[in-house]
Amino acid sequence: MRLTQSASKTLRTNASESEIASHSLLTRAGFIHQLGAGIYSYLPMALKSLKNIERIIRFEMDAVGAQEILMPHIQPMELWDSTNRTTAFGQNLFTLKDRRSRGLVLAPTHEESVTMIAKSVVQSYKDLPFTLYQIQTKFRDEARPRAGLIRVREFAMKDAYSFSHNEESSNEIYDRMAVAYKNIYNKCEVPILIAEADSGAIGGKDSHEFIYPTEAGEDTVITCSSCSYTANVEKATGIIDKLDDQSNLQIKEIQTPNVTSIQELCNLLAVSPKYTLKTICYKTEDDFVMVAIRGDLNVNEIKLKNVLNCKDLRIATAEEVSQKGLIPGSMSPVGITDISVIADISVMTSKVFIAGANKPNSHFKNIDYARDCPMQNIKEISITTAEHKCSKCENKLESVKGIEIGHIFKLGTFFSETLGALFLDETGQQQPIIMGCYGIGIGRLLAAIVESNHDDRGIIFPKSISPYAVNLISLNHNDDACKQASESIYENLLSQGIDCLFDDRPDKSAGVKFQDAELLGIPLQVIISPRNIKTNQAEIKIRKTLETHMTPLVDTVSEIVNQIN
RNA sequence: CGGGGUGUAGCGCAGGGGUAGCGCGCCUGUUUUGGGAACAGGAGGUCGUAGGUUCAAAUCCUAUCACCCCGACCA
């Protein structure tokens, strides 16, 4: 492609709206164009890179025996009602109506439609297993799109779905997919953490997220400094050390006027929050629960939801708390017998906690949870932090931020049961198909690639992703010799089947051309200049290292061909 | 949905009741040509939108829309 014929244009300055590297570089380099919040056009360069990503993904999917299909964007709302996911997705679901007022959904994902395919194709265990995948646009009306391609409302995703007749088969496919995913990220030169993830409301057992670690990320991962344990903070577990003072002291009531928070309590008594118990009340769809946790920790509501096995969970209002005869600000499980109480394991780390006395303006000292609290329902429900230690090897945990660029999931039989995708097993029994699903956000992956492969001059594309194999630069296209030599190399490269971006702009100075080439990040540059023409030489530059070397003009094409292959 | 911010030329920004500005980019010409060239000339705007106040509104008031950031949310 000649730059003189290209629609691409680079920007000299950052767009004011870009906060993270991938957003500003992709914008400046002319890869993407924003139409609305979380809605982007992919310009020619971006599309070429995206196609490269897709090529890598298709290769790995095909290698594990998955077959490509394509399912519709637009789907009947009835289908989504039947799995109750109209409600589950809530406002994130884009909906529309057809001319007869029938409800339609812009699909945010494709479990329902792919299950309907399986239903129509599978009768017997002999028809299983198989895996289908597609690369298709998804629509999600995100509450807050952000950070360029990181969180958008319309995005391409590779989603694969496996169908098995037993657990072994399902697990085997899951493991093979995990390997395929690792291969994909390796080829894209994006480092990843593989984190255990919460399986969420829709059944299923194992789930793993592929997280690209970066400060710009919106997910938090807890990872062990010494063993391989890595998990999303939503799911991560940890153990917590006992505090030093384990003496057995008598309960004492102390006056704490106007104290209603842990912070105020600690200020008044000059103690660390570690030595306090925090008590929070929650409402579920049909229950009222008191939750106790050490004052320096916070409740992980996902863990709590799993423990309570409930759908809705929210913090109770002060009014609801008072109705139960409790005093907001001075609550504790001490002496409570008529309300469900769940405590985090951290309440066992001391025997001298300070906790609410269930009376206004007063607290207890020296609370030993095991001794003083009648309801001994103790679970691990805190948000795991770097304060915790690894539950596997007891070493230090670290907290890392990152972007989720892939997610694999053992779905189980929720969709097959709900939609009636059944088969007859070896004994003639009807069984629901066991499903798995496996997703990668394509645009988000491109953003992650740029995040992990750039310097202050611009993008540094991995060979496998670069929109072009080589960037040929005619430093002065008004110089006849330079023009002639570069044109001849360009034609030559094309005839060798090499995809080349040719900076043949006659009106740009050398500096502009160098800067643009570095911004675009094509891994290999060939620079033809009047200066080097005199000695019949071309210059080859590696974008990543900015190293250059000379090569005779006549050998340039063959050297490029060598370097690329 | 709560909090904060921004809308003025393609991009980045200034201006703050009385002729619409700057830098970069863009067009023409001349000179230049290895790290974002110089000179000369030029094009480009209903100041987000709608109402209102005023002799006069980009500027003041009201409403509204859009976008960005933080949070909430996010199988």
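Residue numbering restarts at 1 for every chain, and letters A, B, ... go by the order of the sequence lines.
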So what's A58(B) paired with, Watson-Crick or G-U wobble, going by both distances under 3.5 Å?
none
In Watson-Crick or G-U wobble terms, with both distances under 3.5 Å, the base opposite U46(B) is none
Opposite nucleotide pairing with A66(B), Watson-Crick or G-U, both atom distances under 3.5 Å
U6(B)
From the set C73(B), C26(B), C11(B), return the single nucleotide nearest to any side-chain atom of L11(A).
C11(B)
Does any nucleotide pair with G41(B) by Watson-Crick or G-U wobble geometry, both distances under 3.5 Å, and what is it?
C27(B)
When the C1' atoms of C70(B) and U64(B) are compared, how many Å lie between them, rounded to an integer?
24 Å
Nucleotide G34(B), atom C1' - distance to CG of D479(A) in whole Å
12 Å
Base, sugar-phosphate, or nothing for N532(A), non-hydrogen atoms under 4.0 angstrom?
base
N298(A) CG - A72(B) C1' separation (whole Å)
15 Å
So does Q91(A) get a side-chain nitrogen or oxygen closer than 4.0 Å to the phosphate oxygens (OP1/OP2) of C74(B)?
no
Counting any heavy atom closer than 4.0 Å, what does R144(A) reach on the DNA or RNA strands: base, sugar-phosphate only, or nothing?
base
As its Watson-Crick or G-U partner within any shown strand, both distances under 3.5 Å, G16(B) has none
Ignoring hydrogens and geometry beyond distance, is a side-chain donor-acceptor pair present between T230(A) and T223(A) at under 3.5 Å?
yes
I need the CD-P distance between Q525(A) and G34(B), as an integer number of Å.
17 Å
Presence of donor-acceptor pair under 3.5 Å, side chain of K508(A) and base of G25(B)
no
